[in-house]
Protein chains: 2
Amino acid sequence: MIKSFLEEQHLKNTITIQTIAKALQVSVSTVSKALNDSHEISQETKDKILAYAREYDYSPNPYASGLRSKKSKTIGVVIPEVGNSFFAAVIKGIESVARKKGYHVLIYLSNESFEKELMILNEFQAGRVDGILISLALETDTFEHIEKLLEKNIPTVFFDRIPHAIEATKVVTNDFELGYRATKHLIQQGCRKIAYLLYRHHQAMSNQRLEGFIKALEETALPFSEENLIDYQNANDKNRLKNALSLHAFDGIVISTEELVTPLYAICKQLKINIPAQLKVLSFCDFPLATVLTPTLTTIKHPAFQMGETSAISLFKKIEKPRQNTHPETLVLASEIIERESTERTF
Amino acid sequence: MIKSFLEEQHLKNTITIQTIAKALQVSVSTVSKALNDSHEISQETKDKILAYAREYDYSPNPYASGLRSKKSKTIGVVIPEVGNSFFAAVIKGIESVARKKGYHVLIYLSNESFEKELMILNEFQAGRVDGILISLALETDTFEHIEKLLEKNIPTVFFDRIPHAIEATKVVTNDFELGYRATKHLIQQGCRKIAYLLYRHHQAMSNQRLEGFIKALEETALPFSEENLIDYQNANDKNRLKNALSLHAFDGIVISTEELVTPLYAICKQLKINIPAQLKVLSFCDFPLATVLTPTLTTIKHPAFQMGETSAISLFKKIEKPRQNTHPETLVLASEIIERESTERTF
DNA sequence: TTGAAAGCGCTAACAG
DNA sequence: CTGTTAGCGCTTTCAA
């Protein structure tokens with residue numbers, strides 16, 4: 001009778017803790033404890049159970065254990081975009097530490113949409129994940145959903161695109177400083193009319209890089225106005241970018257995100273704008289191709305992998321000691337300017 | 001008394017179906033059915049319950065419903081690599097259809113490791129996901145784990161890097177043809193000694209692109225030997241690539257994956273090999289930067305987003321009618337060569 | 001060192 | 001149309 005039960009289980013491929021218990025003539029709780037390496041089970045019994053489990057590829061039902069233990073051994077990662085070298089590398093960093101901890105990583109894409117970010121965070125509230133790592137969507141300019149999330153005390157760490165006004169654990173780069181130094185670098189190389197090219201600018205969202213840009217200009221008594229800002233909303237804005245470049249005779253440009261390198265290089269080629277002779281170019285970007293572009297591109301490359309690692313480590317710290325309501329800290333990772341041909345001094 | 005129970009629930013932020021039931025003085029099953037929009041509940045009751053649920057941001061516990069219904073409303077996606085434009089776009093395609101279907105997407109990275117792929121698939125067997133979308137790791141050259149997976153009857157669709165020897169639902173590009181045509185293109189442009197640059201070659205893994213390459217050479221009575229194959233295992237092989245290029249005087253090269261474009265361009269620059277005059281270059285690759293490289297790069301760009309969509313649609317078809325054990329089909333998506341400067345005729 | 005039993009939140013018979 | 005109830009597979013007291 002027991003035999004036939006087991007056969008049925010294997011046929012249905014539904015091997016559970018009970019299958020093992022029956023097969024080995026022990027109780028389910030013994031099996032459970034053995035599988036969780038509890039100290040109250042004898043080595044002998046453990047070995048027997050583990051051997052059986054391994055043989056039949058037992059793997060616990062995550063929904064059952066999640067329901068019972070209120071722990072999912074899963075963290076949720078919300079990013080605005082894949083297809084972006086920076087976020088890709090961050091994910092790798094996160095993965096590498098999650099794996100060591102035996103956690104699963106659930107990746108969600110907000111696609112820069114506030115609406116979607118909202119939905120995702122809402123679902124997290126029901127306990128699908130033990131902790132959250134999030135970088136905000138560009139569209140996000142209101143933060144009630146974030147506050148609601150934090151109220152639920154789900155361990156959360158923000159990285160890169162963070163809600164400045166909210167007190168929370170955050171991991172960022174020294175964006176203000178980088179924006180400032182990037183601009184200073186262009187100025188040092190002789191630029192006097194510098195554009196700042198950004199992607200889908202939102203007035204409401206604080207932009208440290210841009211602040212740094214503005215400060216550098218002002219410090220050097222260079223005028224800053226809306227003219228210096230080129231806001232690239234989508235591929236249609238290629239013409240607007242083209243016009244801006246031909247109208248204003250910029251001699252330097254800071255590209256704030258890697259997606260905009262291609263259109264900028266394309267337009268310069270088309271308009272026969274010589275980089276760096278006529279226009280010096282510097283970009284925040286992470287792809288290795290920067291080193292083989294013509295001219296090679298001066299970049300600010302973030303420690304993306306490290307940011308993933310740091311964020312994840314910080315999150316696990318919170319998950320592991322939830323009562324530690326210490327003052328939330330903001331970790332700042334440094335990144336550096338890598339000078340290449342596109343900002344070489346020519347005049 | 002009821003009041004205080006509710007207060008407690010809201011304090012603990014644990015709003016469940018029972019909270020709602022008590023608050024509204026109905027039974028849990030009524031609530032459950034109402035939330036699932038069952039026809040057996042009156043509109044009036046539904047409205048009442050939905051209103052309450054919305055007000056208090058109720059969101060069902062995925063572990064409870066997963067356990068009970070044996071459905072997780074989640075699909076698992078296994079890819080070998082992020083930071084690769086192709087897979088990034090595939091993910092977007094998958095996401096877009098999963099979202100429409102109300103499914104979650106669990107993304108796993110195998111990092112090209114067989115070991116990791118094995119672990120991931122093993123965990124899927126316990127029912128964490130309702131279906132699986134997978135592209136194999138480069139290291140994978142044995143397929144028992146795949147067969148075991150398929151035996152469990154978990155709906156699975158393979159894409160791009162597929163197990164050729166196994167009968168299953170697959171979505172691919174016309175790789176053999178593309179390898180063939182890519183090579184033919186180089187030959188037409190005048191190349192007579194063509195290299196094939198690939199990433200971590202495994203003899204055991206069938207490689208349709210390479211087969212196409214070989215066929216094109218043989219058809220043209222050009223000799224094919226191991227010399228034509230440059231196997232790039234890791235960044236250290238940069239020197240090997242350099243040597244191969246300077247020793248063998250290739251006049252054409254097929255790059256089989258986008259990661260290798262940067263090293264190739266870098267080395268050509270360093271060795272002052274003129275593209276396309278001395279060496280014509282063509283790459284399988286998906287990044288937009290191909291259009292601004294110098295010279296612009298002839299590419300074979302896959303319909304990556306569409307591949308994600310197609311795979312997902314195909315998977316949901318299987319999930320929705322599991323008993324449909326029809327003959328598994330292989331969908332072939334076409335992609336085209338986009339000719340640019342790097343393969344222009346010069347001699 | 002082991003086992004019995006309760007119950008996590010939800011769904012789905014089945015009964016009313 | 002609504003309610004009662006029995007589990008899903010697992011963990012975790014508590015008792016033996």
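Proteins come first, then strands; the chains are lettered A, B, ... in the order of their sequence lines, and each starts at number 1.
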- [ ] Output all residues satisfying salt bridge (charged side-chain N to carboxylate O under 4.0 Å, His left out) with B:Lys33, sequence neighbours left out; order by chain, then residue number.
- [x] B:Glu40
Task: B:Lys100: salt bridge (charged side-chain N to carboxylate O under 4.0 Å, His left out) partners, not counting sequence neighbours - done: none
TODO: Could you tell me whether the side chains of A:Ser311 and A:Glu309 share a donor-acceptor contact shorter than 3.5 Å?
DONE: no
Open item on the list: Under a 3.5 Å cutoff, is there a donor and acceptor pairing between the side chains of B:Ser42 and B:Thr45?
Closed with: yes
Quickly work out the [X] [atom1] to [N] [atom2] distance and round it to whole Å.
{"X": "B:Ile20", "N": "C:dT11", "atom1": "CD1", "atom2": "P", "value": "11 Å"}
{"X": "A:Gln18", "N": "C:dA4", "atom1": "CD", "atom2": "P", "value": "12 Å"}
{"X": "A:Leu67", "N": "C:dG7", "atom1": "CG", "atom2": "P", "value": "14 Å"}
{"X": "A:Tyr63", "N": "C:dT11", "atom1": "OH", "atom2": "C1'", "value": "16 Å"}
{"X": "A:Arg128", "N": "C:dC10", "atom1": "CZ", "atom2": "P", "value": "13 Å"}
{"X": "B:Asn61", "N": "C:dT11", "atom1": "CG", "atom2": "P", "value": "10 Å"}

Hey, what are the protein-to-nucleotides 12-14 of chain C N/O distances that come in under 3.5 Å?
none

Task: Earlier contact from the 5' end, DNA chain D, for A:Pro60 and B:Ser42 - done: B:Ser42
Task: Toward the 5' end of DNA chain D, by each residue's nearest nucleotide, B:Gln43 or B:Ala64 - done: B:Gln43
TODO: Kindly calculate the angle separating the two end axes of the helix from C:dT1-D:dA16 to C:dG16-D:dC1, each obtained from five base pairs, and round it to 10 degrees.
DONE: 40°
- [ ] Would you please name every residue forming a ring pair (Phe, Tyr, Trp, His ring centres under 6.0 Å) with A:Phe305, sequence neighbours left out?
- [x] none
Check side chain to side chain donor-acceptor pair (under 3.5 Å) between [X] and all other residues, then give those that pass, not counting sequence neighbours.
{"X": "A:Ser72", "result": "A:Asp130"}
{"X": "B:Lys71", "result": "none"}
{"X": "A:Tyr108", "result": "B:His104"}
{"X": "A:Asn122", "result": "none"}

- [ ] Walk along DNA chain D from 5' to 3' and tell me the first and last nucleotide with an atom closer than 4.0 Å to a non-hydrogen atom of chain A.
- [x] D:dG9 to D:dT13
Determine: side-chain N/O of [X] to OP1/OP2 of [N], distance under 4.0 Å, yes or no.
{"X": "A:Thr30", "N": "C:dT2", "value": "no"}
{"X": "B:Tyr58", "N": "C:dC10", "value": "yes"}
{"X": "A:Lys70", "N": "C:dG9", "value": "yes"}

Open item on the list: Show every ring pair (Phe, Tyr, Trp, His ring centres under 6.0 Å) that has at least one partner inside residues 24-44 of chain B, sequence neighbours left out.
Closed with: none
TODO: Can you run down the side chain to side chain donor-acceptor pair (under 3.5 Å) pairs that involve residues 110-119 of chain A, sequence neighbours left out, and say none if there aren't any?
DONE: A:Glu112-A:Arg161, A:Lys116-B:Glu95, A:Glu117-A:Thr140, A:Glu117-A:His145
